[in-house]
J.: 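Okay, handing you the structure first.
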Amino acid sequence: KATVSVLYWYNMDFYARLLLLFVAVGLVAYKIRARVPDGILRSSTFHTFVGSTFVMKKQILREKTITPPEFNLVELQKNGWKAFVWGHLGGKMGLTVVEPEDVKFILKDNFNNFLKADDFLECMEGLLGGGIFNSNGDQWKEQRVVAAHMFNRRQLRDRMSHVFGTHAQEMVQIVKKGNLNVQTLFYHYTFDAINSIAFNKSVSSMKGNERDCEFQNAFDLVQSNVITRFFVPWWKLHRYFQSSEEERVIKDNMDIIDRYVAEVVESYYDGDEIKEEALAGDQTMTGLFLDHAKSENKKYSKKFIRDMILNFVIAGRDTTGSALTSCVELLTQHPEWQDKLIEEAKLVFAGNLQEPLTFDDIEGKSPVAEAVFMEALRLHPSVPGNEKISVKDTTFPSGVKLPAGTHVTWVPLATNRYKKAWGEDADEFNPTRWMGEKAATYNDYMYSTFNAGPRLCLGKNMAVLEGKIALLTLFAHYRFFPVSGFTPKLITSVTWQLNSDGLEVEAVPL
């Protein structure tokens, strides 16, 4: 059929070819235009025939002057904070919303109508497989129900806080007077901690273990390169022929990731059978899933366990590591809040600086650390953008009518700075928002950093606990200053992440 089509093409005269091309382009343009909801603003980069494809590809991929969440924030600001549409070559249409009621409509009120789109699942399948962050329906629900047992108050108090406190003390010993990249430090801290908690695996990336660091480097490279697939409609061809730099980087580094994770998975198996001794008293995430499989008389594949591990690595390492990096960046810009945090750290430790902090040490006693952590995540959300697809025609509370099959985007980077919800100082770092009665006025739909509704982050309380312990331990020993001439550079990735230069600051012992 392909050969016949080529012959037909070459047997046409010039004007017939021109007419056919005109019709083809017209059909694509019609497909894009027909799905633009009436009365909705278009992105300033929107073109009838190709949507926003080439402008976004130029700014995000080639020039690297902006990330996708920043693109959405800028467009909302240009449009007076009104919902707008964007489109991609081939007819993919998307709507970006910002009103909290519209976000609530997606994440809770009409939850079953908004799913992870097939193109999203395909782009991320190599990294996340069918894990909790890359699945819908029963597949997602089962994983969430099992994983929820990991995040109860008893686990936080009796197990997790001890892991965080111990690793935080190790982190302090690594920090020396002078300049350091705190992004690398925090990512290693959170990686070591999540491996201990979720997989009972002792790793030492903070101490420079080569294999642990190699895995994390590969993990970061895959995340930053896999995002390019969302802007290249023909990315599958590049993957098949290995004809782009991005796809070659993904393949090479996925090999490193899969070899590393395979060792964790195989430690639970004897051939294809689960080792009984591996489950004895196992309170880890892997143990929970394998024990659940046994109780339900079902069998999870090794790939399923592999996918689960990688999903919880990105949840436990990247999000909190990113948040802590943002905390230090903002605190170096606001020394008055650094002073408050140092004073609180002294009170919490009460002179016992060598003792790891525990849950009881900080529960109800660390309002400054918690406020700083939450405010940093407001301005620099760890997952700054999200996208789903509408299954059926629907109408948002704001009145926007959305055709079935339309992608819809909500961007915490923008909703967290929406002045109608947060006030005129929405762009300013002001942790007092989270102190006292004022904090109770915020909801998950104006502050969707931790997602909301049925997909509300299971590890939210764990992340806040880990963040507070790390901040209090670090600022009980050091004060940090910005490094003259250094400007952090945000990159396009799955999470909020700076480039490999990270965040360089100067550490001064107290």
Side-chain angles (χ1 to χ4, degrees), residues 32 35 43 51-53 56-57 60-61 67-69 71-72 85-97 103 105-107 110-141 143-144 219 222-239 244 246-247 250 254 303 307-308 310-315 318-319 381-392 394 402-414 448 451-455 457 492-497:
I32 292 176
R35 292 173 58 197
S43 159
S52 310
T53 301
M56 293 178 77
K57 190 175 179 182
I60 294 169
L61 301 186
T67 65
F71 172 88
N72 279 278
V85 295
W86 47 266
H88 283 326
L89 187 64
K92 176 180 176 180
M93 177 62 58
L95 173 75
T96 295
V97 299
V103 176
F105 187 71
I106 299 167
L107 300 182
N110 207 7
F111 176 78
N112 291 328
N113 186 53
F114 294 99
L115 302 177
K116 299 269 187 178
D118 287 343
D119 57 350
F120 179 93
L121 299 178
E122 289 177 351
C123 286
M124 301 301 296
E125 201 281 332
L127 178 62
L128 299 179
I132 193 170
F133 299 129
N134 206 47
S135 57
N136 291 309
D138 291 340
Q139 184 180 7
W140 159 77
K141 189 174 182 179
Q143 294 182 65
R144 185 175 177 89
F219 201 60
V222 170
Q223 287 188 69
S224 60
N225 281 276
V226 78
I227 291 296
T228 64
R229 292 175 173 177
F230 292 94
F231 307 99
V232 182
W234 43 86
W235 68 266
K236 291 181 183 178
L237 289 174
H238 283 315
R239 181 181 63 182
S244 73
E246 291 84 3
E247 290 300 327
I250 291 171
M254 278 309 309
K303 183 185 181 303
D307 295 346
M308 180 273 295
L310 286 176
N311 277 254
F312 282 99
V313 166
I314 199 172
D318 295 51
T319 54
S382 296
V383 182
N386 280 288
E387 180 181 306
K388 290 191 177 181
I389 194 168
S390 178
V391 178
K392 298 181 293 186
T394 191
L402 193 72
T406 305
H407 290 70
V408 60
T409 301
W410 73 101
V411 183
L413 180 64
S448 58
N451 215 312
R455 280 189 180 259
C457 176
T492 294
S493 187
V494 176
T495 56
W496 181 282
Q497 190 175 27

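As the structure is a prediction and not an experimental result, all values here were calculated from the model.
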J.: Do M254 and L127 have side-chain heavy atoms sitting under 4.5 Å apart?
T.: yes

J.: Under a 4.5 Å cut-off applied to non-hydrogen side-chain atoms, are W235 and T228 in contact?
T.: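 With C-beta onward as the side chain, the pair stays apart.
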
J.: Quick check: do V408 and S390 have side-chain heavy atoms less than 4.5 Å from each other?
T.: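 They are not in side-chain contact.
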
J.: How long is the span from the CE atom in M124 to the CG atom in N311, to the nearest 0.5 Å?
T.: 9.0 Å

J.: Less than 4.5 Å apart, any side-chain heavy atom of I106 and any of V97?
T.: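 Yes; the side chains approach each other to less than 4.5 Å.
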
J.: Measuring only between side-chain heavy atoms, which start at C-beta, is V232 closer than 4.5 Å to E246?
T.: no

J.: Quick check against the 3.5 Å criterion: does N113 have a side-chain atom that pairs as donor or acceptor with the backbone of K392?
T.: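 Side chain of N113 to backbone of K392: a pair is present.
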
J.: Would you compute the distance between atom OG1 of T492 and atom CG of L61 and round it to the nearest 0.5 angstrom?
T.: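 If we round to the nearest 0.5 Å, T492:OG1 and L61:CG are 7.0 Å apart.
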
J.: Under 3.5 Å, is there a donor-acceptor pair linking the side chains of N72 and T409?
T.: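 Result is no, nothing qualifies.
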
J.: Looking only at heavy atoms, what is the nearest atom pair of P384 and P69, with distance?
T.: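 So the two residues come closest at CG-CG, 3.6 Å.
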
J.: When S135 is tested against each of R144, K116, Q143, K141 for side chain to side chain contact (heavy atoms under 4.5 Å, CB included), which residue passes?
T.: Q143

J.: Which pair of non-hydrogen atoms, one from S382 and one from T319, has the smallest distance, and what is that distance?
T.: OG-O, 2.7 Å

J.: What distance do K236 atom NZ and D119 atom CG have between them, rounded to the nearest 0.5 Å?
T.: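 Nearest 0.5 Å value for the NZ-CG distance: 9.0 Å.
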
J.: For residues M56 and F231, report the shortest heavy-atom separation together with the two atoms involved.
T.: CE-CE2, 3.6 Å

J.: Could you tell me how the ring of F114 sits relative to the ring of F105: parallel (under 30°), tilted (30 to 60°) or perpendicular (over 60°)?
T.: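 Taking F105 first and then F114, their aromatic rings stand perpendicular (interplane angle over 60°).
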
J.: List the atom of Q139, the atom of G130, and the distance in Å for their closest heavy-atom pair.
T.: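 Looks like NE2-O, 3.1 Å.
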
J.: Give, for atom CG of D318 and atom CZ of F219, the distance between the pair rounded to the nearest 0.5 Å.
T.: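 Nearest 0.5 Å value for the CG-CZ distance: 5.5 Å.
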
J.: Would you mind reporting whether P412 and V383 have side-chain heavy atoms less than 4.5 Å apart?
T.: no

J.: More than 12 foreign heavy atoms under 6.0 Å from NZ of K303: is that the case here?
T.: yes

J.: When rounded to the nearest 0.5 angstrom, what distance separates CG in L115 from NZ in K388?
T.: 7.0 Å

J.: Answer whether the closest heavy-atom distance between the side chains of W496 and L413 falls below 4.5 Å.
T.: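 Side-chain contact under 4.5 Å: yes.
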
J.: With a 6.0 Å cut-off on the ring centroids, do W140 and F111 count as close?
T.: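 Yes: the rings meet the under 6.0 Å criterion.
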
J.: What's the spacing between I314 CD1 and L128 CG if we round to 0.5 Å?
T.: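 Reported to 0.5 Å precision, the distance equals 5.5 Å.
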
J.: Stepwise, does the side chain to side chain contact (heavy atoms under 4.5 Å, CB included) test hold for D307 with N134?
T.: CA-CA 9 Å; D307 295 346; N134 206 47; over 6 Å; no

